Amino acid sequence: MNYLKKIRAGGWLPPQTQQIDAWIVELKMEVYKQNKPLIKPIKDFKQMVENDSVLNGLATSMFTEARILREKTPLGTPEVKDFNEFLILLNGIMTQAPQFTVCKDKKGDLEPCGLIGFPINALLDWPMATSFGYDFFANSLVNQQLKKILAYWSKYLVSEDSRDVLVDSFPKKTPEVIAWLSKPAKKEMVKVACEAIKEKDQKSCNEKKFEDIFECDPEDKYYGFKSWDDFFTRKFKKGVRPIAKGEDIVVNACESAPLQVVEDVKKDAKFWLKGQPYSLKNMMNFDPLAKEFEGGTVYQAFLSALSYHRWNSPVSGKIKKVFIVNGTYYLENKYYGFVNKEEADPSAPNDSQPFLSAVATRAVIFIEADNPKIGLMCFIAIGMAEVSSCEITVKEGEKIKKGDELGMFHFGGSTHCLIFRPEVKLKFDFHNNKKPSINAVNIPVHAKLATLI
């Protein structure tokens, strides 16, 4: 297995592990120099683990196992030595917005190469994939405390202070990090937006400016964004993503890349196994409506770090039921961790996305489509890693049109599912992709995703 470079769905972390290590080194230098006391939720987390012999043993062992595994590869010793150092670095992230990184190309020139969009995931990349990490992050007490820590971080990400990365240059920053509103970063965001459209139109699209595609105010220092999160949840300009017409057309709910389509899904399945079958009962948090979808179809897709993070209705209809399910944050399928030596996923949670549909924090929205041939369907937004905030912006009983906003991810992106009843037969359109896969590129939001057969 090539541990030096790994496909990372959506670009939430750089593909080169060395680039993540370099970022951690910079973070360590800054954090140890500042020497700030642990914030209360992290201090509480530390005390909780130390006072529980089982959790303390798991926390120690997952970093030890990660070190042993990494030292057997060309990567060598990991930068995060143990659980205590993880907490110290985690403390430093609490006043830091996600950073855009650059690295040298073959000529030695700097070019955009990735986003530390999941900085906490970057610190846990290997420990969370260990057998001890699985048991640690499956613990409900651990997840309750992680939720408090992420809530603390979210207060910073919605504040004006988080705009320090929303400038055109960093005079005091290292050359490995560039500003979000610099020319290279904006060009990369335009590139991601253009990759989704028809290939014949991509050249002219790439010639557009950031402000031609996204709602913003280029005359303002921060382009009119009130915070990092305000920038992250930015909208497309009107007309950039037209809504596909047709009563028998289901449109794409998120700007996202297709992962898989599975038919004849079970109401109750052992989702934690290697095959990761969908379990409707668990996905929908044991809601009585789950039985309506037994034998139906699940479409799953993942979001890009540099794209659009709002959810839009795939059909016109009426909101039947909505709710948020609290779940895990850094748990991945054990069989895609280092238990499976041949297919281990060191860039977790890439290969665990179907598994996460049943265990991660998620928003569940049932829609009764106007078209009786579709009828009741379900949209599920699934948070991964740092993505602790799934905001639903519609209410039960509300009438919606195809393309209307349903909600959004805050502070990160993730994956989502569309679920259809067994009576609904669909022909999917994967646009620039031959088939769904972890290597797929985005399909435009509002574009035709499927046609009723």
Side-chain angles (χ1 to χ4, degrees), residues 8-15 19 97-105 109-117 163 165-170 173 176-243 252 254-258 301-312 403 408-409 411-414 431-433 439-447:
R8 295 179 182 268
W12 291 100
L13 290 173
Q19 190 67 18
Q99 297 179 337
F100 197 105
T101 64
V102 293
C103 40
K104 292 182 179 180
D105 60 18
D109 297 325
L110 293 174
E111 64 176 6
C113 68
L115 161 73
I116 305 294
R163 295 190 300 181
V165 295
L166 300 181
V167 290
D168 58 9
S169 64
F170 285 147
K173 288 280 185 178
E176 288 79 18
V177 180
I178 59 176
W180 277 102
L181 298 179
S182 65
K183 287 184 179 179
K186 288 188 293 185
K187 183 177 179 181
E188 197 69 11
M189 286 182 277
V190 168
K191 177 183 176 183
V192 170
C194 292
E195 283 177 347
I197 66 173
K198 294 179 180 178
E199 292 180 350
K200 65 182 181 66
D201 298 324
Q202 288 180 4
K203 184 177 180 180
S204 59
C205 180
N206 277 303
E207 295 173 354
K208 293 183 178 181
K209 297 180 180 179
F210 177 86
E211 53 265 34
D212 295 330
I213 296 176
F214 297 103
E215 289 186 6
C216 61
D217 179 10
E219 300 299 319
D220 179 72
K221 178 181 179 180
Y222 302 108
Y223 273 49
F225 297 114
K226 299 175 182 178
S227 66
W228 154 259
D229 184 61
D230 189 35
F231 163 75
F232 183 81
T233 56
R234 62 191 177 275
K235 298 180 180 180
F236 282 118
K237 293 189 73 171
K238 188 175 181 179
V240 169
R241 291 292 188 261
I243 302 170
N252 197 22
C254 299
E255 185 99 347
S256 53
F302 56 92
L303 283 73
S304 163
L306 302 179
S307 194
Y308 171 86
H309 296 92
R310 293 173 182 258
W311 326 323
N312 298 265
M408 69 197 81
F409 288 116
F411 325 126
S414 192
H431 292 246
N432 295 333
N433 305 287
N439 301 299
V441 296
N442 280 349
I443 296 173
V445 65
H446 299 159

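Because the structure is a prediction, the values reported are computed rather than measured. Numbers for residues simply follow the sequence, beginning at 1. FYI, side chains are in, hydrogens and waters are out, and symmetry mates aren't considered; it's all heavy atoms of this structure.
- Taken from CZ in Arg310 to OG1 in Thr233, the straight-line distance is 4.5 Å, to the nearest 0.5 Å.
- Of all the heavy atoms in Glu255 and Pro444, the pair that sits closest is OE1-CA, 3.3 Å.
- Every residue two or more places apart in sequence or in another chain was checked for a salt bridge (charged side-chain N to carboxylate O under 4.0 Å, His left out) with Arg234, and none qualifies.
- Between His446 and Gly403 the shortest heavy-atom distance is NE2-O, 3.3 Å.
- Using a 4.5 Å heavy-atom threshold, the side chains of Lys191 and Asn206 count as touching.
- A distance of 10.5 Å separates CG of Leu303 from OH of Tyr308, quoted to the nearest 0.5 Å.
- Scanning both residues, Asn442 and Ser307, for their nearest heavy atoms gives ND2-OG, 3.8 Å.
- Listed by chain and number, the residues in a side-chain contact (heavy atoms from CB on, under 4.5 Å) with Lys187 amount to none (sequence neighbours excluded).
- Taking the side chain as every heavy atom from C-beta outward, Tyr223 and Phe231 never approach each other to under 4.5 Å.
- The one candidate from Asn312, Ile197, Asn252 that meets the side-chain contact (heavy atoms from CB on, under 4.5 Å) condition with Arg241 is Ile197.
- The minimum heavy-atom distance between Lys198 and Asn432, with the atom names listed, is CA-OD1, 4.3 Å.
- Among all heavy-atom pairs drawn from Ala97 and Val165, the shortest one is CB-CG2, 3.8 Å.
- Annotation: side-chain contact (heavy atoms from CB on, under 4.5 Å) contacts of Asn433 (sequence neighbours excluded): Pro258, Phe430, Ala440, Val441, Ile443.
- If you take CZ on Phe225 and CZ on Phe232, they are separated by 12.5 Å, rounding to the nearest 0.5 Å.
- Checking side-chain atoms of His309 against main-chain N and O of Ser304 turns up a donor-acceptor pair under 3.5 Å.
- From Lys238, atom NZ reaches atom CD of Glu215 across 10.5 Å, with rounding to the nearest 0.5 Å.
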From CA spacing to verdict: side-chain contact (heavy atoms from CB on, under 4.5 Å), Val190, Lys209: CA-CA 7 Å; Val190 168; Lys209 297 180 180 179; over 6 Å; no

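- Taking SG from Cys216 and CG from Leu181, the interatomic distance works out to 8.5 Å, rounded to the nearest 0.5 Å.
- How far CH2 of Trp311 is from CE of Met408: 8.0 Å, rounded to the nearest 0.5 Å.
- In this structure, the side chains of Val445 and Phe236 come closer than 4.5 Å at one or more pairs of heavy atoms.
- Between the side chain of Trp180 and the backbone N or O of Trp228, no donor-acceptor pair lies under 3.5 Å.
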